[in-house]
Each structure stands twice: as C-alpha cells, then as structure tokens.
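Lettering follows sequence order; numbering is per chain, from 1. No experiment lies behind these values; they were computed from the predicted model shown.
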Protein chains: 2
Amino acid sequence: MDDFNPPTRLLMGAGPSNIHPRVANAMTAPLLGHLDPDFLGVMDDVREMLREVFQTKNAATLPVSGTGTAGMEAALVNVLEPGDTFVIGTNGYFGERLAEIGRRCGAEVVTVEHPMGSPVDPDAVKARVASLKRVKAVAVVHAETSTGVLTPLEPLAAIAHEAGALLVVDAVTSLAGVEFRADAWGVDVCYSGTQKCIGAPPGLSPITLSERAIEVMRARKTKVQSFYLDLTMLQDYWAQRVYHHTAPVSMIYALREALRLVLEEGLEARWARHAHSAAALYAGLGAMGLAIVAPEGHRVPSLTAVRSPDGVPEADVRKYLFAHHGIEISGGLSELAGKVWRVGLMGHNSTVSNVLTFLSGLENALAGQGFEVAAGAGVAAAQRSVRADLA
Amino acid sequence: MDDFNPPTRLLMGAGPSNIHPRVANAMTAPLLGHLDPDFLGVMDDVREMLREVFQTKNAATLPVSGTGTAGMEAALVNVLEPGDTFVIGTNGYFGERLAEIGRRCGAEVVTVEHPMGSPVDPDAVKARVASLKRVKAVAVVHAETSTGVLTPLEPLAAIAHEAGALLVVDAVTSLAGVEFRADAWGVDVCYSGTQKCIGAPPGLSPITLSERAIEVMRARKTKVQSFYLDLTMLQDYWAQRVYHHTAPVSMIYALREALRLVLEEGLEARWARHAHSAAALYAGLGAMGLAIVAPEGHRVPSLTAVRSPDGVPEADVRKYLFAHHGIEISGGLSELAGKVWRVGLMGHNSTVSNVLTFLSGLENALAGQGFEVAAGAGVAAAQRSVRADLA
C-alpha cells in the first residue's frame, strides 16, 4: 500500500470543509487516556466552549462520539418512546431523515410537509399539533443542508411548548455560522456536526439538552434502545467520569482547537463573516443570472443551493470545477438531484477569496457548457457587494 | 482558553495506546470530501487491509464511525430482532455489556456465566444452547479486556453453527495483537476497536460480516432500530458510494496508516512481537511474586490483569506510576475493581523496552507501599525471558 498524499482541494460543498492548520496540528498532540486528569480538563474545556457556541447554560452539553447523523439519532432515541407522537416540519432531505429515525424509535411520526426550498411554516405545524392528542416532540431542521433554507425557531418553540412537547433542532449546518441561541429561543434538544461551521474534521456531534428535555428522559418508562447513544450515560461519563466508552481523544483535541478559534474570533463576528461572504456569493450568482433556491430572508449563509440553468448538465459543471480548479461543490439530494449545486461557505472556508475563486471557476465551467455570461460579471458583482458591505 | 500541550504519557492501560508518529501525521493530511474519488480510494484501501487483518474474504468489512462500543452495538442491532434468543458466554465486564445491548435490542438474552478470570467453557455453552428452542446468535468476547482472558473461538463457532446460529465475536483487544482468523475459525460477525493493537487513536470500530450473517440481515422482518449503525446502509456507502453519513475523514486516514504499519510488519510477526513482550512481562511479574488473573494458555498478550497483593492499596500504586513515571495503567472493573491492575502492551507500545520501564516503576511503587521485592528481580526476570525467547 502506497504513501497517501491527498491533493489539496477547496472544499466548498456540503461539508467537510477545509480546516485551520491549528486544528490539524491539534490532532497530533500526544494521546492521553480517556480518564487522564489532563484529558478530563480537555473535556471540561470542550463542554464550556460548546455551551457558549450553542448560547446555552445547559449542563447536559457534550459531543457525541459519532457524526451528525449519530447526533440526530441520539436526539431522538433519548426523547422518544414507542408509541409517542413525533411531529416534524419537513422541507428537505434531512427532515425526511428525522422522520425515518423517529419511525425506527417506534414513534408515531407525523410529517408536516413543505416543498423543498420553502421554510417550515409555523402555522401549518401549529394546526397539525393542535389536531393531535398528545405530542412528545416537534422537530425541525434549522438550516436544511439539502436546500440552504433557514427556518426561524422561536415560533416553533412556542408551538411545541404550548402543546407540552419538546423542540428538537438540527443545527448541523447552522451552528457557529449563523445566529443561534438555544436558551433564548427555547430549543430543548439540539445537535450539530463538527465539519461545517465549527471548522473541525467530521467525526463528532455536539449536542445540548434543556432541563425540560432532561425531565422527559428521567420520566421514560423504557430504556433508551441505543446503549452507545444513551445520553444519560454519556452525561455521566462527561460530567461524573463514569466509564461508558473510550472517547475519540484526537478528535476531541481537534474540536477543542476549533472551538477556541470560534471564540477567539467571537460568535457575532463569525456570524457576520459568514453573512459577508454569503452576500458576495449571492451578488455574484445573481449577476450571472443564476437562481438561488432559498427565498431572501430565509437563506443559510453557510450553504447555498443554486439552480443549474436549463440545458446545462449540472454534474458536468461540478466535474469541471473539480478537475480544473480543485473545487468541490455538492450536487442535489432527493428531488433536487441533477437540478442544483450546493455551495458551502463554512467556518475557515467562508471567505471572500473563496467566493471569488469559486465564481471565477463557475464562469469557466458554464462557458464550457455554452452558457455564456458577461466575462467577469459574477466576480465584479461579488466585489461590489464586498465594498458596499464594508462601507 | 489556553494552548493545550498535553504531557507525553506511556499508555499501558486498557487503551488507548500510544501511536506511531506516522499515524499521528496521517491525520494532518488535507481533508477530502467524503465522496471524493481520492477518498473513495482510501476507503477501498482500508477495506482491503482490514480483510487481511481479520483474515477474511468477507465483502462486508468496514470501519463503523464510532468507538468499539458502537461496533458492539452495530454487531447486535443488525442481527437481532425483538424476541430472538441470544446466548452469551460471559466471563467479564464486556460480556455483560453484550447482554445489556442485546436486551436493548428486544432479544431474549441468555447468559452462560463464568467467573471473571476463566475462559468461556464451550461445553457449558453447548448445553445451554441445546436446551433452547431456537437460537439466533451466540456471542463471546475473544479477549476479555476486564480480565485479560482469551477464549478459543473454533469450538464456539461449531456449537453456534450446529444450532443454526451466528457466532458474534468481540475482538476489541485481540485483533492485530494475537492470532485471529475470522474465516478459518467460522466467525460470523466480529468487531474491534482502533485504539488497541491496531495502533490508531480511538474513534472507529472495524467490523466484518460473513455471508451467513448477511443472509440473516436480509431475512429480517423488522428494520434495524439504529439508522446510524444500519450495516446494510453502511455497506452500500462503503461499497456503492450511496450517501449515508459523512465519514470521519481524518480518523480514516489514521486507520489507513495504522493498517499499513500492521501489514508492513506482517500479521504473524506482530502476533509474535506481542507474545514476546507479554512473556517478558509475565516473567517479571512472576519474579516479583505477583499473580496474573488469566490462567496459562488463556492469556491475552495485549492485556494482562495482575492481582494487587494483600495490603497494597491498588489505586495508590497506579497513582505513583502515573505521577512519578508518567505511566498509565488501568484499574479493575466490576468485581475486580480495587483488586487488580490492568497492563496493556498494545500495538506500537508492545515492546520489551516498555515492559522493563513498567516493571522498574512498579517495583518502586510497591516498595513505597511496603511491599518489598528483591531489587531488580522483575526486570532481571524479564530480561532473561527475552534472551530465552530470542535463543
């Protein structure tokens, strides 16, 4: 087996995203035992910084030892019991995944379906919740990674709490890239991933649980069906040092360093940076005559789904960008497969420089498909957006 | 939050173990997207090398994106359905964990209990299996990490297959450190961990499934209760590139490099190295008048549980080794808590040099507790063992 020397790519898809060199270096630090006092200090640091990033005081805040989907499953499997009613406002691929996992928990899953590209409508969710006898949890994807649509959370928290239900939120693509306030908004269970706006490699899923969620877990009549994702045991490990599993030590080093970078920058400054580079991207795409899937006011700055113009084979454009510019973007999922590109501007990668590089490459790729735009129009518009934004 | 500069420890507990610098460096390689052709190549490399390490031709061989406990749960949750009868030969902490996870799968769990420190007796398992109507799976821990006891697998495979059941094996502490032959021995489902004899950081759990196990999964009447650990979907991702979750890219780089090191050394040479350093450890402990928990002929070379002598506070000895020699060893679990030390010689760390360092430190620690041994007796006996072994 040969040495492995992976090429350097500009990762502008749905994640992972390129990481800061400090995060990469952190993984090479000497391993510690998972119960070593120095490692316990690292665990405490990570929990404290995660609380800041989630904007919560929740004691039960920790990284699950798996990727975002493990976090999603942990969120549901700890809260739902067989027969519970679970309402999801779905507007894309990851909402569907929540429904699928809810069914595997034995819950009665009720989906309030929205077209891909629309935010979740609180009135529709409210009506559906009101029609049901007893709802255990309401879930929504804050930033739908399949469409780049942002759904406001406060109205949904009010609806859930009025019905005596928990609000479960997927913040995989939003956390640390766009305003997020777990406590102020009334979020009960929220999970994310490390490889998006947090800026670490994939492999961990930060999760936080409100006191209300903890009460629901305490009142369970059945054991959590997953031992690995049993959050009561995980919290005992993270808070009381009771052995549960061997933490992925190097990944937790990486997360610690990534969180330090987030907080050194400052959360609000980081949100502003993501908004700033996203605005440049929107301006450039608009100038090139390309349509963004998400409506204005509901756009996720870290992930933009763009419609591939009629007659342009979307996969060929991605291949061109990849082959000639070393840029990775993602294709569409579900009914948007073959119809959109998904462009990520996440964490360390959310920069104007990357926007300009991408728009320039995209213009070349489109020209190769006979879709001509005025030379440099996208880049020029992005540049003007930057100037206006800085003014 | 400060810079983190963890101290260098000699990790001689139950894992994680220190890793080769090449493995640490591999994690700093540029991230690739989880569907990048170069990353798909890495995935293929890892699968091919894992097959070699498991000594199997099983197509369904891959690393689960979680630690050893995730592998344990994946093994059971894919095979067991509610109401299935599941027999476990238990002889320690991790056998009990198999039982607990089996119950969470809704299985009827039948434990064939053995004292901690004994291997699992095939006759006892055979009698119990024969008394049951229909057994879906029989499980055993190959190398019980709580006691350092090795249980031969071939007799148990014969018993399971005769009853039409699968043999599920926990090889977390044995794989790549002691002879293991999945195909030749008739193992149907086997999982391991990366942080023990494989020599990578914790975070992944290699798993392999025989055709017999795949047939059982295909014949399921119910969906696998875990989406994250659904091995049919995971195999589709690893073999057919169907998106399931974002693989922990950096960890998989580390695993690839660790597996390269395993195969560069050669499996049989690696097993021999583990046996060689373990023999030195046994000789040293014996000369110091200390008793090993596992009987001769059933010892795991990568993990040795040693009885703490009467009157010696076992935790104080561990603290001394840690504070004054930077050596981490583990304490006991379950009924052996407070009674034993667990000493790991795993992967990169399984060297005579580490044995001598540990024995020397242990002698100092014991002397501090008033347990005097002839000065240097342990080290001298280890040295003689090495010479005899090399002769």
Flag, side chain of B/Glu100 to backbone of A/Phe227, donor-acceptor distance under 3.5 Å: no
Qualifying residues under side-chain contact (heavy atoms from CB on, under 4.5 Å), relative to A/Asp3, sequence neighbours excluded: A/Asn5, B/Arg260
Worked check of side chain to side chain contact (heavy atoms under 4.5 Å, CB included) between B/Met1 and A/Glu48: CA-CA 10 Å; B/Met1 209 58 73; A/Glu48 185 184 328; 4.1 Å; yes
Heavy-atom closest pair, residues B/Arg97 and A/His244: NH1-O, 2.5 Å
Side chain to side chain donor-acceptor pair (under 3.5 Å) contacts touching residues 8-19 of chain B (sequence neighbours left out): A/Asp36-B/Arg9, A/Asp38-B/Arg9, B/Ser17-B/Asn349, B/Asn18-B/Asn349
Between A/Val42, A/Val77, A/Asn25, the one whose heavy-atom pairs under 4.5 Å with chain B are most numerous: A/Val42
Whether B/Phe94 and A/Tyr243 hold their rings parallel, tilted or perpendicular, with breakpoints at 30° and 60°: perpendicular
Sequence-distant partners of B/Arg241, salt bridge (Lys or Arg N to Asp or Glu O under 4.0 Å), two or more places apart: B/Asp44
Option that, when pairs with chain B are counted at under 4.5 Å, heavy atom only, ranks first among A/Gly66, A/Pro7, A/Gly13: A/Pro7
Contact winner vs chain B - A/Val64, A/Thr246, A/Thr28, heavy-atom pairs under 4.5 Å: A/Thr246
Inter-chain contacts: residues 324-334 of chain B against chain A, heavy atoms under 4.5 Å: B/Glu328
Closest approach of B/Gly203 to A/Pro248 (non-hydrogen atoms, all atoms of both residues): CA-CB, 3.8 Å
Side-chain (B/Tyr228) to main-chain (A/Thr67) donor-acceptor, under 3.5 angstrom: yes
